[in-house]
Every structure is written in C-alpha cells, then in structure tokens.
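Right, one structure below, let's go through it.
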Amino acid sequence: MKVLTQRWFDTLQVETTAEVPGFNLRRVSDTVRGLSLDEKTTREDVATLLKAITGKPVDIDAIDKLDAQAAANDPLAGLLRADAILAHPVFNTHHTEHEMLRYLKRLQNKDLALDHSMISLGSCTMKLNAVSEMIPVTWPEFGDIHPFAPPDQATGYLEMIQGLTDALKAITGFDAICMQPNSGAQGEYAGLVAIRRYQAAQGQAHRNVCLIPKSAHGTNPATAQMCGLQVVVVDCDDSGNIDVADLKAKAEQHAANLSCLMLTYPSTHGVFEEAVKEICAIIHQHGGQVYMDGANLNAQVGLTSPAAIGADVSHMNLHKTFAIPHGGGGPGMGPIGLKAHLAPHAPGHIFATAHPTSPPGHLLASNRVGAEGAVSAAPFGSASILPISWMYIALLGGTGLTRATQFAILNANYVAARLKEHYPVLYAGRNGRVAHECILDIRAIKATTGIAEIDIAKRLMDYGFHAPTVSFPVAGTIMVEPTESESKAELDRFVAALISIREEIRKVERGEWPADDNPLKRAPHTQADIADTEWARPYSRQEAVFPLPWVAENKFWPSVNRIDDVYGDRNLFCACPPLEEQ
Ligand SMILES: *Cc1c(COP(=O)(O)O)cnc(C)c1O
C-alpha cells in the first residue's frame, strides 16, 4: 500500500482501489482514494480500513508501538506545541452540568432575544422559528451526512431538497433554483455571475454597467463591484420610489454597456413600487437583465412573485422569509431562482448529483454535473438547515403562506397607522399604505431636541424591546418590520413603548428635562444605576426602569450602560486576559 500524502492533518490519499463496506472512500482518481479520520473514528475502524486496503490482518496494538517510535523520529516533532491549551478561565470553571447550564443562562440573560419580546428589525424579517420546524435538523439523517456522500445514500435528503426546490419554483415563478449560496449576499454574487456568463455566451461580455437605486442594501453595490461591474446609482423620488425618468435616462445612456439592474421589491423603503413592471421592461429594452434582491420576499409570497414582476434572477433569504433562525452570524441559505435562459449559467459543482427519481430535465440548477463556478464548497450549501424551510412551507401550505404574507403586511400597516401621529411614516404608497415594514422619521425630532434615532433605540431596551433597524436605508430613521408572527397584544406593547418614548421626548421639547440629561440620552439603565445611593437625575428611578406599568412584569435588565457604538466599532479590543498574563 502506498500512502501518497507526506504531511497531513486528518486526510490521507492512498493508492488503492479497495471498496470497504461501511466506509465511503473518496475517489480521487482511478487508482487513488482519499480518507479522512476524526475524533469519532475508532481503533476498530482503523483496523478494518487497514485490513481492507492492505489485504492483511492488522494488530492494532502493534501499530500503537510503531506510532510511539514514529513520533520520536518525526523530524517535525518540534512543531508539536507543548504548552497548555484552553487555559482561559472560561474553559476551566464550569465542570458540572449545572454550572455549564447556568453559565449559558447567564450569557443568555445579557441578550435581548425573541424569547423575551419581538425584534422589529426592518429588512431582517425576524419571524418565528417554530420548534416543530427546527426538530428535523437534530436528526442524524440530516446532520451526520457528508455533503459528498454517494447519492444513493442520500436519497431522502435529495428528495427533501427537490421538494423544497419545487416549492420555491412555485413561490417565485422561476424555472430553476440553485440551492448553493449560503447567504443573500452570496446569492447576489451567484446571480450576477450567471448574468455575466449568459451575456458572455451571447457575445456581450463587454456589458459592465450595473444600475442600483439609491435605496439599495449595501451588499448590492459590493456584489456588483466583486463581479467587475461599474455601479451607476439611480435616484429615488420624494415618495421613495425609483425615479423612473432617471432610470430611463441612465438605461439609455448606458444602453451599449448595460449589464443589469439590481432591484429590491418591495423596496427597502417599505413600499410596493407601482412602476416595478415598467422598470423591468425598461432594463430589458436596453439589453439588460434584472436581478431582484429577494430579502423582502416575505411581502410577496402568494400575492406576487419575482418572475411576475419581470425579474430574471433573484435570491431568497431562507433565513428571513422561510423561517431559518438568524442573527449572530448564521448559518444561512440564499438560493437563487433563475429564468430558463440564465439557468445554464448558474453555479454548478463537480460533485453535483440528481435525485435518482427526478424526471429528465428536472435537475436542480446546482446539479449541473461538472459545471464550473461553484460558489460554495458543498453542492447544496448549508444543506442541513434546509429541513427548516421545508417544514415551514409544508406546514403552512399555499393558503397558509399567503395568509402569512397578508398578516405581515397587515401588522406593518397597523404599526404604521398607530404610530404616524407620533412619528411621521417616511414613505407610503399612493393609497397611504406601506408593505411589510415602515420607516419612522426621527430627523425633525433630532433637529429640534437633539434626541436622535440612536437614543430611541437605546431607550427601547428599558421598555424590554430590541431596537428596530436604525438609519437604514435612510439616515436618521428607524425601520420597523413586525412580521406575521407577532400577536396584536405584542404589537400594542411595542406601540405603547414608542408612544411613551414620544411623550418623554415632548418633556425635553417643553424644557422639563434638559436636552443632555433625560432618560433617553442616559438609556439604557442598569440595576447598578438605580441601586446607586446617589440619584441626582431630573427623572425618577421609577421612570428610568419601569416607565410603563407592564414593564415590571417581564423586566429586561441591560447589563451595561450605553457604549459609543462608533468608537467601539473603530477601537476593537480583546476581552480575554492579555497574552503576557497567560
Ligand atoms: C439581508 C439583506 C441582504 C443580504 O442578505 P444576507 O443573507 O445577510 O447576506 C441583502 N439585501 C437586503 C435588502 C437585505 O435585507
């Protein structure tokens, strides 16, 4: 037996053609197989593999002795670290299950999460992640399978992915789905790459201009740049819609080189743009393609679709619209849907496989065998979390999904209607309605009182609420997206908190509280603040931490006072003990 790998971490390449029952050896070439070993590999596994590959019986104890000698003679032995690892106290403090549990609970207590109250982060769609949807993720059939496992060992998995693909096709109206990108931003990248490859195949590789409206999410221009496109910004009108005249002028001006438009619908201004079909038509007339940013799909499902408005390709944030939990970094899934002409240019994967029972021509776009341009290491991205979206769709069905969209829009309009006399709602459609989120304008308040959106965001913590999205897409505003998952009672508590905060701002306006010493500027308030023997503030301790009667019933205690966010972002420091102390 010849081992081809000279130095290794956990993976070996071996010259063999052996088949080992119960093990999957990766086929590297006709005569070479790859195998990886980890901490779950047993001595018996090693013995079985060795016996199958060498054809000789194996004495595993003898190998132990050999191993000890080998280590002594290893020229790289000096590279082994000899110092203690995981010396930080956090790794050496919690030695019983109770202690571990309490440590985790203590961390949890610092976090204002969905288990405490609604998180109205606009554009983020912080909806319910139902327990029933999460359970299949824990099943070893989904969690313990390698992404490159032979397809005949993953037929159930592939059936689930196929089912989800079919549902997403029905929801978006697209001809193909590529289940590979791991995030919305990666979906944008995969989508723009598909557009560029399609255009190159048409002899139009020179098309390198990407139109992006002013209101777009930052990932849009970033993705366009990564794809080598030149970004041309399109203006918005006073109602927050894309300025169609400006779009037309810029599409015309760049017609010879127009690659695409990146469009968010409903827009990040929280409004269904009435001109959306006209906008897509203008781009097509000038030889461009339309990429729809699908982050706001929660306002479309069952009512309209990316294909219906005229988009050619779009991502879906499964971790927004389709119930995968998010926040704190992932994992997410951002599959893209494509019209037929773009489908052959979607990312492929060398380990692509079709479900054995798929009808011909029914391949997932990410199953383009041998195709180039994978955007993820695994053919189906973070496949193990797809059961969450599958469950969400299967549990609700078409009618339920449509109802969810309707309630998401209803809830946003309820919040907007109740709050608009206290905070102007920045943008609305012609009928005065918003889509699934609304932007509250704080700029006038800021100009007259100095109370800013950030003060309202911090103060909401004292009322037990996570802040909405701040200063996106418009500086000096907050964007509220309640989602369909919240009850009227919870919406009413949130609205009451914001109205109460508006009253506090009025006290500043009337001069009852100084502009720089009031519950807003000093929010959030900690237990240490109100336990202090000195209390020399113009408002009471009661007003600080129990500003409404029901707050005390379920009080969230912020663990620290306000930090200067911008300063913190620019001056990173490590909370670990300094290296020299270790
Ligand atoms: C969330 C979001 C994105 C990016 O999605 P990720 O999954 O976070 O990469 C893009 N556009 C909009 C409008 C978004 O809200």
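Sequence positions, counted from 1, serve as the residue numbers for this chain. When a ligand or atom number is given, it counts from 1 through the structure's own listing order.
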Looking only at protein heavy atoms, identify the closest one to atom 9 (O) of ligand 1 and say how far it is in Å.
-> Ala185 N, 2.8 Å
May I ask you to decide whether Asp492 forms a salt bridge with Lys488, counting only side-chain N to carboxylate O separations under 4.0 Å?
-> yes
Of the backbone atoms (N, CA, C, O) and the side-chain heavy atoms from C-beta on, which set of Gln186 has a member under 4.0 Å from an atom of ligand 1: side chain, backbone, both, or neither?
-> neither
Residues Asp243 and Lys214 bridged, charged N to O under 4.0 Å | no
For Glu188, the ligand 1 atoms with a heavy-atom partner under 4.0 Å come out as 10 (C)
Less than 4.5 Å apart, any side-chain heavy atom of His326 and any of Lys320?
-> yes
Give yes if a backbone or side-chain nitrogen or oxygen of Phe472 is under 3.5 Å from a nitrogen or oxygen of ligand 1, and no if not.
-> no
Under a 4.5 Å cut-off applied to non-hydrogen side-chain atoms, are Pro468 and Glu481 in contact?
-> no
Ignoring angles and geometry beyond distance, decide whether Lys320 reaches within less than 3.5 Å of ligand 1 through its nitrogen or oxygen atoms.
-> yes
Geometric N/O contact Asn220 with ligand 1, under 3.5 angstrom | no
N-O pairing of Lys458 and Asp455 below 4.0 Å = no
Is the CZ atom of Arg418 crowded by more than 12 outside heavy atoms at less than 6.0 Å?
-> yes
Of all the atoms in ligand 1, which lie at a distance below 4.0 Å from a heavy atom belonging to Ser183?
-> 7 (O), 9 (O)
Who's the nearest protein heavy-atom neighbour of atom 5 (O) of ligand 1, and how far?
-> Asn317 ND2, 3.0 Å
Which is it for Ala295 and ligand 1 at heavy atoms under 4.0 Å: side chain, backbone, both or neither?
-> side chain
Side-chain contact test, heavy atoms from C-beta onward, threshold under 4.5 Å: evaluate it for Leu491 versus Tyr414 and give yes or no.
-> yes
Heavy-atom check, side chain of Ile283 versus side chain of Cys260, under 4.5 Å | no
Do His217 and Phe472 have ring centroids that are under 6.0 Å from one another?
-> yes
Measure from atom 11 (N) of ligand 1 to every heavy atom in Thr264, Asn296, Asn182, Asp293 and give the option owning the shortest one.
-> Asp293
Would you say Ser123 has any N or O atom under 3.5 Å from an N or O of ligand 1, going by distance alone?
-> yes
Note the single closest protein heavy atom to atom 6 (P) of ligand 1, along with its residue, its atom name and the distance in Å.
-> Gly184 N, 3.4 Å
What is the nearest protein non-hydrogen atom to atom 8 (O) of ligand 1, stated with its residue, atom name and distance?
-> His319 NE2, 4.4 Å
